[in-house]
Amino acid sequence: MKVFPMSKAIEEILASKPEIRPRIYAYSINDTAHSGLLKVGQTTRDVKQRVAEQLKTANIQNYKIELDESAEGTNGSIVTDHKVRAALIMKGFENTDLEWMRCTAKDVRATLLSLRAGQEITGTRDLDFPMRSEQRAAVDKTHTYYHSIWKEDMHAVPRFLWNAKMRFGKTFTAYQLAKKLGAKRVLVVTFKPAVEDAWQTDLESHVDFEGWQYISRSSGSDPTKISASKPLVYFGSFQDLLGRDDAGNIKVKNEWLHKVKWDLVVFDEYHFGAWRESAKELFEGEEETVVKKELKYSKDLEDVNEDLEVLSEKESEFLPITTKAYLYLSGTPFKALATGEFIEEQIFNWTYTDEQRAKEEFAKKSPDKWNPYGALPQMRLLTYQMPDELVAIASAGEFDEFDLNAFFEASGLEAKAQFKHKTDVQKWLDIIRGGYAPKALEHLKTGTRPPFPYSDVRLLPYLQHSFWFLPDVAACHAMANLLAEKQNVFWHDYKRIVAAGASAGIGLDALPPVRKAIGSGFDTKSITLSCGKLTTGVTVPQWSSILMLRNLKSPESYFQSAFRVQSPWSIKNPNGDAPNEEEILKPVCFVFDFAPTRALRQISEYGIGLSPGEPNPENAVKELVSFLPVLAYDGANMTQIDAGGILDIAMAGTSATLLARKWESAILVNVDNDTLRRILDNPEALAAVERIEGWRSLGDNIIETIINKSNVVKDLKDKAKEKSLSTKEKKQLTDEEKEYKSKRKMVQEKLIKFATRIPAFMYLTDFRENTLQDVITKLEPDLFLTVTGLTVKDFHLLVRLKVFNTEHMNQAVFAFRRYEDSSLRYTGIDSHEGLTRIGGYDTVIAKE
């Protein structure tokens with residue numbers, strides 16, 4: 001494992017935080033030409049100095065500063081001089097020239113106060129920015145792909161995925177795609193209705209969409225009475241769209257939706273509904289009533305999820321709408337990428353590493369120009385090994401990892417909520433602010449003082465507004481209660497907001513109290529305590545750090561939460577005279593984690609998940625950590641860890657049981673209709689699968705049965721789009737669907753059971769530098785037949801027919817071998833002396 005000198009790592013990674021305060025000013029000039037006029041501007045510098053500099057060049061001395069006020073809004077926004085002038089114009093005041101207004105200082109002050117209080121200007125399209133290069137690339141690639149499919153078959157319905165992290169500008173870019181397609185009817189469907197605000201704002205505030213109509217359930221307009229000549233965007237939730245009445249018919253209010261021939265259907269936050277386990281994980285700690293309202297999962301949605309997640313069915317198979325094309329938007333579509341649901345030409349990627357690379361390259365190529373990525377902070381992950389005495393209280397698993405959920409376990413409601421290990425949580429609070437006596441003595445002896453979050457002067461400014469992610473509602477209230485106790489004087493400066501439980505409100509209702517507590521964010525300090533709320537779909541620019549105080553199993557959930565603190569916080573055109581100038585208030589942001597092995601496992605899985613086609617997992621992780629530096633405190637020193645070190649620690653902290661689960665995963669096998677047809681059409685392949693242990697117990701002609709029954713279901717669903725089904729047909733649909741899904745699941749389980757034999761084969765073979773494919777097919781075919789029950793020829797044929805997913809086999813093989821080697825190295829044994837390469841399934845990588 002490579003380790004960098006502490007001073008270099010710390011100084012380079014812990015960037016100082018700028019101190020900037022924005023102001024709005026107005027001045028008058030005492031001459032005939034400027035009689036009754038005020039110049040309204042903005043600056044982040046001293047107003048007197050700024051105005052003097054402006055007028056010095058014109059040698060004007062008869063001026064008077066009429067107004068010098070803070071531009072900081074109470075809701076966390078920053079009011080610009082552009083907004084002040086636009087509001088004055090809306091009120092009827094004359095804009096005589098550029099920044100000059102015919103009004104009084106009193107008029108400017110009243111307008112500024114209303115804008116600072118959060119009153120927005122309505123009725124104006126004040127945005128006219130162009131697409132960034134990657135947004136244009138997404139539109140062009142999607143547009144080209146759609147037309148290539150339509151050229152082959154004008155009735156085809158193409159599907160395209162944008163794997164784009166937050167801040168890509170997906171709503172604005174999706175509208176630009178619709179515009180380029182000449183779409184007149186666009187349906188936006190989401191699993192998370194809270195994202196509606198962005199879709200409405202982008203359409204109604206940008207000049208490019210003048211004349212477009214926006215409608216949703218909450219808009220109150222009658223969609224059947226809108227202009228047919230103007231483009232329409234309808235926004236709705238998947239749950240509502242699929243909902244039916246008790247008789248099984250489409251809801252009357254939604255009938256018009258099913259009659260429209262849509263030009264484009266957009267699925268927003270696609271991962272949220274399709275992979276409900278990741279979504280549920282974010283709300284695990286909430287009270288049951290809140291979870292039900294937060295997730296809003298109807299039976300229809302459960303069925304949709306099953307189709308999307310397990311069976312990879314196309315939406316046209318079960319969606320009761322017709323469209324020319326589908327567009328999917330997601331920030332963490334790992335399963336869609338991993339299962340091959342979309343092929344490379346159907347995907348546009350814009351990841352965290354793409355964004356940060358673009359930021360770096362733009363700064364190098366055009367240092368004097370405004371950097372469109374400049375305000376997007378770079379993330380840093382800091383992990384801390386807790387003292388043995390705390391780990392002993394809450395450890396779990398084969399490797400005694402620090403169990404955050406057990407450590408922060410609490411009971412009781414609101415004021416009566418209390419931690420089970422209250423004394424130890426108090427010690428943890430002392431540790432993170434550098435005040436834990438036993439460790440303080442050690443640091444004196446070694447002469448080093450590691451950067452604990454609330455003690456290091458470089459980190460403290462980034463903790464002025466932080467997000468603490470706890471296991472459940474009781475833990476959130478218990479933490480608020482503990483921070484308020486008399487002995488915790490240090491924490492009394494921070495406003496504590498409990499954004500958890502029914503009392504905090506549903507979804508975005510939990511946001512206003514946070515915004516109120518933070519205010520402008522310059523003079524206040526706050527800690528937001530949550531166990532799921534506000535971890536998706538919200539923007540709080542002042543949040544600069546997140547403390548991970550709960551276990552999260554999936555990298556999707558982990559980074560979806562972590563990216564909350566990566567929202568930009570900046571002031572554009574700070575002095576009102578340079579539109580391309582930007583003051584960055586948050587150049588970096590921090591994730592603090594107190595379960596190091598789990599944190600590094602999330603980083604490794606996230607890096608690998610971003611690059612499913614990369615055969616060497618170390619390369620995938622290396623690229624990520626080049627833009628997401630990782631510092632780890634091991635109880636004595638704080639060091640920077642490289643990609644190899646992250647993978648070593650992640651694998652060494654993986655039990656054999658967890659590793660075996662990689663071989664029990666559904667993503668290793670494909671059981672969609674296309675794959676099953678390939679088997680059915682190939683007599684040799686059919687004979688091969690029938691030799692898999694237990695296959696005959698599934699019954700005769702099972703593959704043919706699945707395909708036939710799924711076709712019957714498809715026909716019935718197509719019929720249901722046109723008219724209501726009879727009672728007999730509905731029963732047939734339910735029965736046939738239930739049976740074919742059950743049989744498909746059984747086939748999947750048999751194939752997975754076969755895949756789990758491969759680790760046993762790896763244990764028994766001694767070839768390490770060769771690919772597993774070569775070992776199976778050339779070096780030890782007899783051993784393979786003995787262990788798995790299939791001949792090499794059988795297995796090779798099934799791999800060629802894509803029954804097995806080789807990219808995921810590669811990752812599982814590498815994980816197995818890295819774990820095996822690190823486990824043996826720990827005991828002082830070199831697994832294979834002189835090993836220079838490691839073989840995956842069908843790829844070999846060099847070993848450093």
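Below, each value reflects all heavy atoms present in this structure, side chains not excepted, and no hydrogens, waters or symmetry copies.
Proximity of Ser561 to Phe467: side-chain heavy atoms (C-beta onward) are nowhere separated by under 4.5 Å. Lys165 is not listed as a side-chain neighbour of Thr351, based on a closest heavy-atom distance of 4.5 Å or more. Looking at Phe563 and Cys589, their side chains never come closer than 4.5 Å, going by heavy atoms from C-beta outward. By the 4.5 Å heavy-atom criterion applied to side chains, Pro471 and Leu404 are not counted as neighbours. Proximity of Arg116 to Ser520: side-chain heavy atoms (C-beta onward) are nowhere separated by under 4.5 Å. Side-chain contact between Tyr558 and Ile603 is absent, with no heavy atoms from C-beta onward closer than 4.5 Å. Inter-residue side-chain proximity for Leu390 and Ile431 is flagged as met; some heavy-atom pair is nearer than 4.5 Å.
By the salt bridge (Lys or Arg N to Asp or Glu O under 4.0 Å) test, Lys359 is found to be paired with no residue, residues two or more places apart in sequence or in another chain being considered. Applying the side-chain hydrogen bond (donor to acceptor under 3.5 Å, both in side chains) rule to Gln356 yields no partners; only residues at least two apart in sequence or on another chain are considered.
Contact between Ala599 and Thr383 at its shortest, heavy atoms only, is CB-CG2, 3.9 Å.
Taking CD from Gln640 and CG from Leu382, the interatomic distance works out to 10.0 Å, rounded to the nearest 0.5 Å.
Aromatic ring centroids of Tyr494 and Tyr454 lie under 6.0 Å apart. If you look at Tyr352 and Phe627, their ring centroids are not closer than 6.0 Å. Aromatic ring centres of Trp428 and Phe594: separated by under 6.0 Å.
Proximity of a side-chain donor or acceptor of Arg433 to a complementary backbone N or O of Trp491 within less than 3.5 Å is not detected.
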Distance-only donor-acceptor hits, side chain of residues 410-423, under 3.5 Å, sequence neighbours excluded:
from: Glu414; atom 1: OE2; to: Ser503; atom 2: OG; distance (Å): 3.4
from: Lys422; atom 1: NZ; to: Glu485; atom 2: OE2; distance (Å): 2.7

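Paired with Ser526 under the rule side chain to side chain donor-acceptor pair (under 3.5 Å), one option of Gln542, Arg496, Gln464, His465 passes, and it is His465.
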